[in-house]
Amino acid sequence: MPELPEVETVRKTLVELVVGKTIKEVTVGWPKIIQHPLEYEQFQDALQGQTIIDVNRKGKFLIFILDDYALVSHLRMEGNYRLKNEDDPKDKHTHIIFHFKDGTELRYRDVRKFGTMHLFTKGTEETVPPLSKLGPEPFSKSFTTNYLKEKFAKTERIIKAVLLDQTIVTGLGNIYVDEVLHRAEIHPERKAKSLTDQEIARLREQAAATLQESIAVGGSSVNTYMNSHGLTGSYQEQLLVYGRKGEACLQCGEQIEKIKAAGRGTHFCPNCQKI
DNA sequence: TAACGTACCTGTGCGC
DNA sequence: TGCGCACAGGTACGTT
């Protein structure tokens, strides 16, 4: 499932593949993916003749910058983009196709149809949801120990739930939250407000480091994620706890456990991460 | 208002 | 072998 490092990898490849291309028309096979405007025909009409100027990212959202619009795309669980020629065979899970004037097309494929797209007038996209609700990214200047301390003090939730909350910190998903908590030696079911200053500092540091290390190797490729070249990342080889239930902890040798926390499958080492 | 539960989806894996 | 069910998970929205 794409989290911040995977989305960043997709963004980089999209910049190489589609910047400068002009959209001839758009095919929408599953209208529910288009969240804004409400009528998908308006989405199709607006995109006709638009050239892709850049591809940005905020948290796990991709932002296609066009002449007059910004297309905000979330891949959710299994969404991915592939650049194809118009005569290449179609796949049954391809739901949106951006046909370019040069005969190529950008295909949005999403087995579970969870992904979303919002089209806004350029310049307004950051002022409305979903982007306006996002908190800072783990490597932004505003993501400080004091910022976290303030947020944690105001909630009764466990740390796992708080780190998954994109309004607190954007970019972490289930995999990286487990990894960051293990690296910071914090039990996922600890109340966020119970963390010491030292633990919060460790958490902040590990969140930034984990994501940066993953971006450097192209993200992780758990399950079905692929970037737009059809290539996979390699960070999954460095995962310390996620998907390793019953295996030995690489730090201490204790068996990795899997529980349900914040409604999500949660992996941790009961020895390194004591409650 | 905060926190929790559920819906959205489909492929996969497991048990019977 | 084949069927049916539980599970996976990010976010929005409804409920408590």
Side-chain angles (χ1 to χ4, degrees), chain A residues 1-8 10-11 28-38 40 57-63 72-81 91-96 108-118 120 125 128-135 137-138 150-181 188-194 207 211 214 219-226 235-236 239 241-246 256-268:
Chain A
M1 56 229 68
E3 298 185 27
L4 191 151
E6 290 75 41
V7 178
E8 175 59 16
V10 172
R11 187 197 69 78
V28 176
W30 191 259
K32 277 190 175 178
I33 290 170
I34 314 301
Q35 301 276 305
H36 188 272
L38 292 174
Y40 75 90
R57 180 191 57 72
K58 187 171 183 186
K60 302 176 203 170
F61 289 88
L62 287 164
I63 310 165
V72 178
S73 166
H74 197 301
L75 305 173
R76 294 284 181 99
M77 316 301 299
E78 298 184 7
N80 61 67
Y81 284 101
D91 172 275
K92 71 168 180 171
H93 298 301
T94 296
H95 305 304
I96 312 282
Y108 177 72
R109 187 176 180 278
D110 190 345
V111 171
R112 284 152 86 173
K113 302 173 178 169
F114 267 23
T116 58
M117 292 185 194
H118 293 75
F120 299 113
E125 69 275 9
V128 289
L131 297 186
S132 65
K133 294 165 77 175
L134 300 179
E137 294 189 351
E150 229 170 76
K151 292 287 184 188
F152 291 176
K154 286 181 191 163
T155 183
E156 294 297 322
R157 287 183 292 171
I158 59 172
I159 186 66
K160 168 97 185 191
V162 174
L163 293 180
L164 284 172
D165 184 343
Q166 303 295 300
T167 68
I168 306 271
V169 51
T170 183
L172 294 176
N174 201 40
I175 298 172
Y176 289 105
V177 167
D178 284 2
E179 292 302 306
V180 168
L181 286 173
E189 289 182 306
R190 287 268 305 278
K191 284 231 177 183
K193 61 168 31 169
S194 77
L211 294 190
S214 183
S220 54
S221 302
V222 178
N223 297 333
T224 55
Y225 157 73
M226 268 189 277
Y235 191 75
Q236 72 279 3
L239 295 176
V241 285
Y242 185 86
R244 298 192 61 244
K245 178 189 170 188
I256 301 298
E257 285 185 16
K258 185 182 180 187
I259 57 170
K260 199 155 194 170
R264 296 283 172 253
T266 300
H267 304 75
F268 73 103

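In what follows, chains carry the letters A, B, and so on, assigned in the order in which the sequence lines appear, proteins first and then strands, with residues in each chain numbered from 1.
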What is the distance, to the nearest angstrom, from the [atom1] atom on [X] to the [atom2] atom on [N]?
X	N	atom1	atom2	answer
A:Glu78	C:dT11	CD	P	15 Å
A:Phe114	C:dA8	CZ	P	13 Å
A:Leu163	C:dG9	CG	P	16 Å
A:Asp110	C:dG10	CG	P	14 Å
A:Asp165	C:dG10	CG	C1'	12 Å
A:Arg264	C:dA8	CZ	P	9 Å
A:His267	C:dC7	NE2	P	14 Å
A:Leu172	C:dT11	CG	C1'	15 Å

Within the pair [X] and [N], is there a side-chain N or O less than 4.0 Å away from OP1 or OP2?
X	N	value
A:His74	C:dG10	no
A:Tyr242	C:dG9	yes
A:Gln166	C:dG10	no
A:Lys60	C:dT11	yes

Does [X] come within less than 4.0 Å of [Y], counting only side-chain N to carboxylate O?
X	Y	result
A:Lys193	A:Glu156	yes
A:Arg76	A:Asp110	no
A:Asp165	A:Lys151	no
A:Arg57	A:Glu137	yes

Checking all strands, does [X] fall into the base, sugar-phosphate, or nothing category for heavy-atom contacts under 4.0 angstrom?
X	value
A:Thr116	nothing
A:Arg157	sugar-phosphate
A:Pro129	nothing

Distance, nearest 0.5 Å, that separates [atom1] of [X] from [atom2] of [Y]:
X	Y	atom1	atom2	result
A:Ile33	A:Phe114	CD1	CZ	11.5 Å
A:Arg109	A:Asp91	CZ	CG	4.0 Å
A:Leu172	A:Lys60	CG	NZ	7.5 Å

- Query: Within the modelled atom types, does a donor on one side and an acceptor on the other bring the side chain of A:Arg112 and the base of C:dT11 under 3.5 Å apart?
  - Reply: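 It does not, because no donor-acceptor pair links the side chain of A:Arg112 to the base of C:dT11 below 3.5 Å.
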- Task: Can you check whether any acceptor in the base of C:dG9 is under 3.5 Å from a donor in the side chain of A:Arg76, or vice versa?
- Result: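 Answer is no: no donor-acceptor pair is held.
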Using the 3.5 Å cut-off, write out each protein N or O paired with an N or O of nucleotides 13-16 of chain C and the distance between them.
none

Would you please say whether a donor-acceptor pair under 3.5 Å links the side chains of [X] and [Y]?
X	Y	value
A:Thr167	A:Lys133	no
A:Tyr176	A:Glu6	yes
A:Ser73	A:Tyr81	yes

- Task: Determine yes or no for a side-chain-to-main-chain donor-acceptor pair under 3.5 angstrom, with A:Glu257 supplying the side chain and A:Lys245 the backbone.
- Result: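 Side chain of A:Glu257 to backbone of A:Lys245: no pair is present.
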- Query: Could you go step by step and tell me if A:Leu134 and A:Phe61 meet the side chain to side chain contact (heavy atoms under 4.5 Å, CB included) rule?
  - Reply: CA-CA 10 Å; A:Leu134 300 179; A:Phe61 289 88; 3.8 Å; yes
- Message: Go nucleotide by nucleotide along DNA chain B from the 5' end; which of A:Trp30 and A:Ala161 gets its closest nucleotide reached first?
- Response: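 Its nearest nucleotide lies further toward 5', so the answer is A:Ala161.
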- Item | Ring geometry between A:His118 and A:His36 (parallel below 30°, tilted from 30 to 60°, perpendicular above 60°) |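 It falls in the parallel class, under 30°.
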- Going 5' to 3' along DNA chain B, which nucleotides are the first and last within contact of chain A (any atom under 4.0 Å from a heavy atom)?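 Contact span on the strand: B:dA3 to B:dG11.
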- Item | Five-pair end axes of the helix from B:dA2-C:dT16 to B:dC16-C:dG2 and the angle they enclose, rounded to 10° |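 Nearest ten degrees gives 60° for this helix.
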- A:Leu134 or A:Lys258: which one's nearest nucleotide on DNA chain C is closer to the 5' end?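 Nearest-nucleotide comparison on DNA chain C picks A:Lys258.
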- Query: Of A:Gly265 and A:Gln35, whose closest DNA chain C nucleotide lies nearer the 5' terminus?
  - Reply: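 On the 5' side of the pair lies A:Gly265.
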